[in-house]
There are 2 protein chains.
Amino acid sequence: MSLERDTPPNRPEQRDYETGLADSAHLDLRVWLRLLTCTTLIERQIKRGLRGDFETTLPRFDALAQLDRAGGTMTMRELSSHMMVTNGNITAIVDRLLEDGFVVRRADPKDRRVHKVQLTDAGREFLATMIPVHNAWVSEAMAQVDEQDLAHLYKLLGQLKNSALQRDEERDRESGR
Amino acid sequence: MSLERDTPPNRPEQRDYETGLADSAHLDLRVWLRLLTCTTLIERQIKRGLRGDFETTLPRFDALAQLDRAGGTMTMRELSSHMMVTNGNITAIVDRLLEDGFVVRRADPKDRRVHKVQLTDAGREFLATMIPVHNAWVSEAMAQVDEQDLAHLYKLLGQLKNSALQRDEERDRESGR
DNA sequence: TTTGAATAGTTCAAGCTTAAAATATTAACG
DNA sequence: CGTTAATATTTTAAGCTTGAACTATTCAAA
């Protein structure tokens, strides 16, 4: 009894995708909705944090992080592939990072179709200030899950990722060719 | 050796948020990026499917599904809470469902601030045709993960969800009050 | 009852996302 | 060589999302 959490007066309780799901719903669907709920909750925190503390967005942060992980330079295509977004998307994000002075862009002399994006010192510094704060947000979101369970979760998500990836590639093979 | 998958000629390999992550990265961050990868992969499939097969979007599908689960009628606020999006968002989504004839909206006579959204027969039928196809997409994405692992994943995601939710509510308590 | 606070919903600007069409460049091959 | 196919990127229209400002309505308290 005493463990029941009171809903604050006149503030509607936080719901999620699972709420009200029929008892007959299959495990697949339950897992999917719970996965979506977890991602949405954590992503929302991060987006709010990035906006509030750094006046930036998750896609911009992600672009900087991917560039850094890749050693500082990537083509537009590599960037879109690592960020899991379509090609057309990257243009606007990189444009904005250019304005901010966090990256530079130049055509590859060897293949003038290719445009390379490179992290500047300012970009690297900006990223370096954000990374620890960002990682702390992630850790806080997972604070109530103990290390061993996290490790197990990591492993299971690896299986799920491979399963979903395989499905993705099948679709590609059918249509794209 | 023979198990190595060839990348199709001239088509860049599919990457994800994890690629290139430093070995020193903490488990928290690894879990988060893998979680995000899984969600993105599955969500992308569903969005493409809904567009291709039903000329609709995930938010619209989700709104219909939430209405159905709730018995057919919800207030705008309830809908936004279950869909985990902000209030202002719902207006446009419901507007579109109204156009399509899948819902009706009327003011509550008891409290004229409240607007109730109700599923129409057409909406219920449309949803009924989508549900099995949608669920099949989800199942396909998870096809390579066996039942027991899925059950375990479900449990672990439950812990993560509670952990992230608690964090969310703390933030609310600090600012909102 | 009047007045101020809370609540439900809408509108708006800014930003992200996608698919499709368009442009530019390079590769492939007869 | 010249034509065709493939690739890298940009542009555009349509749609989703957020936070903030705004309207309308109800509640609460002096």
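In what follows, every chain begins at residue 1, and chains take the letters A, B, ... in the order their sequences are listed.
The nearest whole Å value for the distance from the CD atom in B:E55 to the P atom in C:dA19 is 15 Å. Atom pair A:D62:CG and C:dG15:P shows a separation of 18 Å (rounding to whole Å applied). Rounded to whole Å, the distance from CG on B:L58 to C1' on C:dT18 is 14 Å. Note: CG (A:L50) to P (C:dC16) measures 12 Å, nearest angstrom. Put simply, CG on B:N87 is 17 Å from P on C:dC12, counting in whole angstrom units. At whole-Å resolution of the value, CZ in B:R51 and P in D:dA14 are 12 Å apart. Taking atom NE2 on B:H115 and atom C1' on D:dT23, their separation rounds to 11 Å, with Å as the unit. Regarding A:E43, its CD atom lies at a distance of 9 Å from the P atom of C:dT17, rounded to whole Å.
Nearest nucleotide to the side chain of A:M76, out of D:dG15, D:dT9, D:dT17: D:dT9. For B:R105, whose side chain is taken as the heavy atoms from C-beta onward, the closest listed nucleotide among C:dT10, D:dA6, D:dG19 is C:dT10. Distance from the side chain of B:R112 is smallest to D:dT26 among D:dT26, C:dG9, C:dA19.
Note on B:I90: nothing from the nucleic acid sits closer than 4.0 angstrom, heavy atoms only. Among the protein residues, B:T57 comes within range of the sugar-phosphate backbone only, with heavy atoms under 4.0 Å from sugar or phosphate atoms but none that close to a base. At a threshold of 4.0 angstrom between heavy atoms, the contacts of A:I93 are confined to the sugar-phosphate backbone, with no base atom among them. Residue-level contact check: A:D111 touches the backbone only, with heavy atoms under 4.0 Å from sugar-phosphate atoms and none from bases.
Other residues, nucleotides and ligands place more than 12 heavy atoms under 6.0 Å from the CG atom of B:D146.
Checking the phosphate oxygens (OP1, OP2) of D:dG19, a side-chain nitrogen or oxygen of A:R48 falls inside 4.0 Å. The shortest distance between the side-chain N/O atoms of A:R60 and the OP1/OP2 oxygens of C:dC16 is below 4.0 Å. Residue A:N89 has a polar side-chain atom (N or O) positioned under 4.0 Å from OP1 or OP2 of C:dT18. Between B:R77 and C:dA8 there is a side-chain N or O to OP1 or OP2 distance below 4.0 Å.
Looking at B:R113, its side chain comes within 3.5 Å of the base of C:dT7 through a donor and an acceptor atom.
Taking the side chain as every heavy atom from C-beta outward, A:W137 and A:D53 approach each other to under 4.5 Å. Contact check for A:W32 versus B:N135: no side-chain heavy atoms found under the 4.5 Å cut-off.
Nearer to the 5' terminus of DNA chain D, by closest-nucleotide assignment, is the contact made by A:V114 (compared with the other of A:V114 and A:D95). Of the two residues near DNA chain C, A:P109 and A:R96, the one whose nearest nucleotide lies more 5' is A:R96.
Judged purely by distance below 3.5 Å, without hydrogens or angles, the side chains of A:Q118 and A:R106 pair a donor atom with an acceptor atom.
In this structure, A:Y17 has its ring center at least 6.0 angstrom away from the ring center of B:H82.
None of B:V117, B:D62, B:T73, B:L127 except one satisfies the side chain to side chain contact (heavy atoms under 4.5 Å, CB included) rule with B:L67; the exception is B:V117.
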